[in-house]
Amino acid sequence: MSKANLYKAPRGTFDILPGQSYKWQWITEKFREIASVFNYREIVTPIFEVVDLFERSVGSTTDIVEKEMYIFTDRKDRVFALRPEGTAPVVRSTIENHLQKDGNISKLFYLGPMFRYDRPQKGRYRQFYQYGIELIGSRHPYNDAEVIWFADMFVRNLGIKDFCLEINSIGCPKCSIEYDKVLVSFFSKYKPDLCPDCHNRIATNPKRLLDCKVSKCRTIAKDAPLILDYLDQECDYHFKNVCSYLDYLNIKYDINPFIVRGLDYYNRTAFEITDTSRKTQNALLGGGRYDGLFATLGGSDTPAIGFAGGFERLIGAMEQNNLCFGNEPAPDAYLIIIGDRAVPEGLKLIMELRDKGIKTEYNIEKNSLKAQMKAAANSKARYALMLGDDEIDTKTITIKDLDKGIQNTYPQEYLITFLIKS
RNA sequence: GUGGCUGUAGUUCAAUCGGUUAGAGCACUGGAUUGUGGUUCCAGGUGUUGUGGGUUCGAGUCCCAUCAGCCACCCCA
């Protein structure tokens, strides 16, 4: 072990092994299918960006930029960060490449690894894989609902049933000025009972006070004034409309006034889907509206909304419920060659099969029929194709159905049609 | 980043109070059956006990460090 394991995957990272990779593919396929149905197009951005992009967009007081970024300097002393999230890069690219024309909507999706320097745990990794969408160029509440609809449909299509969709509105900067004041004065009354983190939150980010997991703070927060009661008229109207559209679409949701997304750029609609069969690391996906981000990053005033979620969490939820990831890849046919005389014929055959797109395996290093049969069974191939002296003499091939255990000998010309038919 | 638990064949787990050559199932390979796999029987290697130090006549076992995983906090995907 020690010699073979001199090198290990870095802490918090993992290899997606051959026995697992089809699960990633399955989820990717499902995601692409829904993206296609909703008319989203893929965008691929670099895995690292100048660190400033994330500081400006995600917010300099958030945990992500304060302590979770992988930052490095290149040979010309430029400071970069491995992307901790996907929205800021997409917005940067949209601005840089003038993808967004006023009055139009851009619908983009992305897939790829993200990086956060957290302490690893099950369901929490330093390199993890996300899927996400961004709907850019509309402030209409219908589009909030449509993005949520996409999320809901995706999770549902994977077969996940134990999940909960929660939505909230965190208002706009204007509402926040008023609401933050109310929060500060409310929590200040309980200052001695609050945890040290919450002491800081009073000064830096009052809304996060609602988010604290410390039980004492939680009890206090339970009676805190709710943002929903402090939305200005436009925000209130917007939120009610989002809810109405969700109702029209027959999407079940709960309103949870304690949802405060961890990134600074969100405004108005915020939502999360959580895995209800799990107590920790149970956020499947989360998103919200970010109408101010384009301006923050130097673009024109462009409203947008999106969400992102993690592959690992989905796989965890699916495995826990024994859900199907499609078929594990296996060959259609396994060629078994008996005797040296059949080798040239066999090679001709395997060439023909592969040319026709039939997934065929053959192991020239296994000699005995028994060993080859065993290898065929282990490969999970549907059919074993046996070619020996008898078959050569009669220009036939013996086909054995490895599940049913029955076999028949057919003329060689019939083989391709047989395999294509079944 | 804080606190705790754990680390033994490929894998799941044993190994008495610190005692001599570290064991078993599954998996793997070969054979029984040179034209038949998933059943059975037989045989085979499974290893620097995560790594590095220390204590001891003697360490898988005790101590320290380190790495990794897990749990809780935190954070979120």
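The chains referred to below are lettered A, B, ... by the order of the sequence lines, with proteins before strands, and numbering in each begins at 1.
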Each nucleotide in nucleotides 35-43 of chain B should get exactly one letter: B, S or -. Can you fill that in based on protein heavy atoms under 4.0 Å?
BBBB-----
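Across all strands shown, Q281(A) has heavy atoms under 4.0 Å from base atoms, whether or not it also approaches the sugar-phosphate. Y125(A) comes within 4.0 angstrom of a nucleotide base, judged by non-hydrogen atoms across all strands. If you check every strand for non-hydrogen atoms under 4.0 Å, G286(A) touches nothing. Looking at heavy-atom distances under 4.0 Å, G12(A) makes contact with sugar-phosphate atoms alone, never a base. Within 4.0 Å (heavy atoms only), D275(A) reaches no atom of the nucleic acid at all.
Note: CZ (F128(A)) to P (rC75(B)) measures 16 Å, nearest angstrom. One can place CG of L82(A) at 17 Å from C1' of rA77(B), the figure rounded to the nearest angstrom. Rounded to an integer number of Å, the gap from D264(A) CG to rC76(B) P is 11 Å. The CZ atom of R126(A) sits 12 Å away from the C1' atom of rC67(B) (whole-angstrom rounding). Rounding to whole angstrom units, CE of residue M114(A) and P of rC76(B) are separated by 16 Å. Computed from coordinates, the R119(A) CZ to rG4(B) P distance equals 10 Å when rounded to whole Å. If you take CG of L284(A) and P of rC75(B), they are 19 Å apart, rounded to a whole angstrom. Rounding to whole angstrom units, CD of residue Q121(A) and P of rU2(B) are separated by 15 Å.
A distance-only check finds no donor-acceptor pair linking the side chain of R83(A) to the backbone of E49(A) [under 3.5 Å]. At distances below 3.5 Å, not a single donor-acceptor pair connects side-chain atoms of S36(A) with backbone N or O atoms of R32(A).
H140(A) and Y142(A) have perpendicular rings, their planes meeting at more than 60° on a 0 to 90° scale where under 30° would count as parallel. Ring geometry for F38(A) against F150(A) counts as tilted: the plane angle lies between 30° and 60°, on a 0 to 90° scale. Between F31(A) and Y131(A), the ring planes are tilted. Angles from 30° to 60° get that label.
Pair assignment for rC70(B) gives rG4(B), based on Watson-Crick or G-U wobble hydrogen-bonding distances that are each under 3.5 Å. Of the nucleotides present, none pairs with rA59(B) by Watson-Crick or G-U wobble criteria with both distances under 3.5 Å. When both pairing distances are held under 3.5 Å, rU16(B) makes no Watson-Crick or G-U pair with any nucleotide shown. Taking a pair to require two hydrogen-bonding distances under 3.5 Å in either a Watson-Crick or a G-U wobble arrangement, rG37(B) remains unpaired. The partner of rG44(B), taking Watson-Crick or G-U wobble pairs whose two distances both stay under 3.5 Å, is rC28(B).
On the C1' atoms, rU61(B) is 10 Å away from rA15(B), given to the nearest whole Å. Rounded to whole Å, the separation between the C1' atoms of rA24(B) and rC64(B) comes to 33 Å. Nucleotides rG18(B) and rC62(B), compared at atom C1', are 8 Å apart to the nearest Å. Rounded to the nearest Å, the gap between the C1' atom of rG60(B) and that of rU21(B) is 15 Å. Rounded to a whole angstrom, the distance from the P atom of rC70(B) to that of rU29(B) is 30 Å. Taking the P atoms as reference points, rG25(B) lies 40 Å from rU66(B), given to the whole Å. The same atom, C1', is picked in rU16(B) and in rG23(B); the two are 14 Å apart, to the nearest Å. The P atoms of rU6(B) and rC63(B) are separated by 10 Å, rounded to the nearest whole Å.
Residue-to-nucleotide contacts include no donor-acceptor pair under 3.5 Å from the side chain of R116(A) to the base of rC75(B). R261(A) contributes no side-chain N or O that forms a donor-acceptor pair with the base of rC76(B) under 3.5 Å. Below the 3.5 angstrom threshold, one finds no donor paired with an acceptor across the side chain of R124(A) and the base of rC70(B).
By the stacking rule of 5.5 Å between ring centres and under 30° between planes, F311(A) does not stack on the base of rA77(B).
Looking only at side-chain heavy atoms (C-beta outward), K370(A) and M373(A) stay at 4.5 Å or farther from each other.
No cation-pi contact links R268(A) to F239(A), judged by a cut-off of 6.0 Å to the six-membered ring centre and 45° from its axis.
Nearest-nucleotide positions on RNA chain B for T280(A) and A371(A) put A371(A) closer to the 5' end.
Taking the ring centroids of F80(A) and F48(A), they lie under the 6.0 Å cut-off.
Using a 4.0 Å cut-off on heavy atoms, the residues of residues 58-68 of chain A that approach RNA chain B are D63(A), E68(A), listed by number.
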As a quick check of understanding, evaluate ring pair (Phe, Tyr, Trp, His ring centres under 6.0 Å) for Y179(A) and Y230(A), giving each step before the final call.
CA-CA 6 Å; Y179(A) 181 58; Y230(A) 288 84; 5.7 Å; yes
I'd like to know whether T409(A) forms a side-chain hydrogen bond (donor to acceptor under 3.5 Å, both in side chains) with E391(A), so could you lay out the CA-CA distance, the side-chain angles of the two residues, the decisive distance to 0.1 Å, and finally the verdict.
CA-CA 8 Å; T409(A) 302; E391(A) 286 84 0; 4.9 Å; no
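When each of rC71(B), rA68(B), rG1(B) is scored by its nearest atom to the side-chain atoms of K122(A), the top-ranked nucleotide is rC71(B).
Under 3.5 Å, the side chains of N97(A) and S93(A) contain a donor-acceptor pair of N or O atoms. Judged purely by distance below 3.5 Å, without hydrogens or angles, the side chains of Q127(A) and Y129(A) pair a donor atom with an acceptor atom.
The side chain of R11(A) contributes an N or O atom lying less than 4.0 Å from OP1 or OP2 of rG69(B).
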